[in-house]
Amino acid sequence: MKFPTRPLALGLLALGFSALIFSRAQAGGGHYYPPVADPVVKEECGSCHLAFPASMLPASSWKRMMGELDNHFGDNASVDPEVARKITAYLVANAADTGGQRYGAKLQRGVDPASAPQRITALPKWVREHREVPDWEWRHKDVRSKANCTACHADAELGYYED
Amino acid sequence: MKFRLALSCFALSFHSLLASAGPLEAQLATYATAAKAANPAFAGFSAARGEKLHVTNFALGKPDTPACTSCHGNDPRAAGKTLTGKLIEPMALSVSPGRYADPAKVEKWFKRNCNEVLGRECTPLEKGDWLAFVSSR
């Protein structure tokens, strides 16, 4: 009996092709950051700006931020201690280097967690991903702030930050 | 039987009385007491004064937010927008019923927003006037 070379080769080709597609799809999945699921965190961290996903920063960053809420990027965003404790616990448990590993790891490339970065928009990967956005677009009246993710990423609230 | 009917009528009317004196009314009463203590001539809150507070360009807090209307917009019945693009529910009670049902939340936002616009906390008089303004719309 002759060995069925052709069907086997075709099968392998199909398998290789789907693997390629699959890996690309996974790469696209790198732009998914699970939205905040905790109602308290969503309310307290999502009134003034989008409740940024915990997986966008390492745990050290969230700890530092929650300790400096009286000067939160220039605003006094203090919350009462019990609420702060709950928020910190959630953010730390779902941070880029803890629970959110699968999603947030890429965004942390070139970042030393010990430095506890505070601005998501200053992470090297973030800067690289947005390098083609011209200045006038940032100044556009519907954008105005780099923290205004939803202005361009329509599905940011759902966790998708595609181009 | 008659007695029980009377009792349940009483209970019902008492209940509706409680319902009308909701958390917002209770909070206004607290502000009124404090306003009276600060100024014995205090004669009630004014929606007109509240509106003036709402639209005045104070520019005493953060440069980005000289007035309440910087984020809330000029029409209290329309939604506002924060500087980072987050929508803010309309302030007018007629459009957003239940907006002021949580006194702690109301206090939290007075504290934050008064600091951002006026560079200080608001007085009980200002808070009461402002609540009278949004309740009237």
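Given the structure is predicted, the values throughout are model-derived calculations rather than measurements. No hydrogens, no waters, no symmetry mates; every other heavy atom, side chains included, goes into these values.
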task = Would you give the length of the straight line joining atom CZ of Phe73(A) to atom OG1 of Thr84(B), rounded to the nearest 0.5 angstrom?
result = 11.5 Å
inquiry  = Please determine whether the number of non-hydrogen atoms from other residues, nucleotides or ligands lying under 6.0 Å from atom CZ of Arg120(B) exceeds 12.
reply    = yes
ask   = Between Ser78(A) and chain B, which part of the residue has a heavy atom less than 4.5 Å away: side chain, backbone, both or neither?
value = backbone
task = Drop me the distance from Asn76(A)'s CG to Asn115(B)'s CG, to the nearest 0.5 angstrom.
result = 6.5 Å
query = Considering all heavy atoms of both residues, which atom of Asn148(A) and which atom of Gly85(B) are nearest to each other, and what is their separation?
reply = ND2-CA, 3.7 Å
Lys111(B) versus chain A, the contacting section by heavy-atom distance below 4.5 Å = neither
ask   = Backbone N or O of Ser47(A) within a donor-acceptor pair of the Thr82(B) side chain at under 3.5 Å?
value = no
request  = Consider only side-chain heavy atoms of I, L, V, M, F, W and Y, link residues closer than 4.5 Å, and tell whether Phe133(B) and Val95(B) are in one cluster.
outcome  = no
message = Between Arg112(B) and Asp75(A), does any side-chain N to carboxylate O distance fall below 4.0 Å?
response = no
query = When clusters are formed by joining ILVMFWY residues with side-chain heavy atoms under 4.5 Å apart, either directly or through shared neighbours, do Ile120(A) and Val41(A) land in the same one?
reply = yes
inquiry  = As a quick check of understanding, evaluate side-chain contact (heavy atoms from CB on, under 4.5 Å) for Glu43(A) and Lys105(B), giving each step before the final call.
reply    = CA-CA 11 Å; Glu43(A) 161 84 17; Lys105(B) 192 173 168 183; 3.5 Å; yes
request  = Using a cut-off of 6.0 Å, state whether more than 12 heavy atoms not belonging to Lys86(A) lie near its atom NZ.
outcome  = no
query = Can you get from Leu60(B) to Leu53(B) by hopping between Ile, Leu, Val, Met, Phe, Trp and Tyr side chains that sit under 4.5 Å apart?
reply = yes
inquiry  = Could you report the tightest heavy-atom contact between Glu44(A) and Lys108(B), atom names first, then the distance?
reply    = OE1-NZ, 2.6 Å
request  = For residues Ser145(A) and Leu83(B), determine if any side-chain heavy atom of one lies less than 4.5 Å from a side-chain heavy atom of the other.
outcome  = no
query = Is there a path from Val36(A) to Val79(A) through hydrophobic residues (I, L, V, M, F, W, Y) whose side chains come within less than 4.5 Å of each other?
reply = yes
query = In terms of hydrophobic clustering (I, L, V, M, F, W, Y; side-chain heavy atoms under 4.5 Å; direct or indirect links), are Trp109(B) and Leu87(B) co-clustered?
reply = no
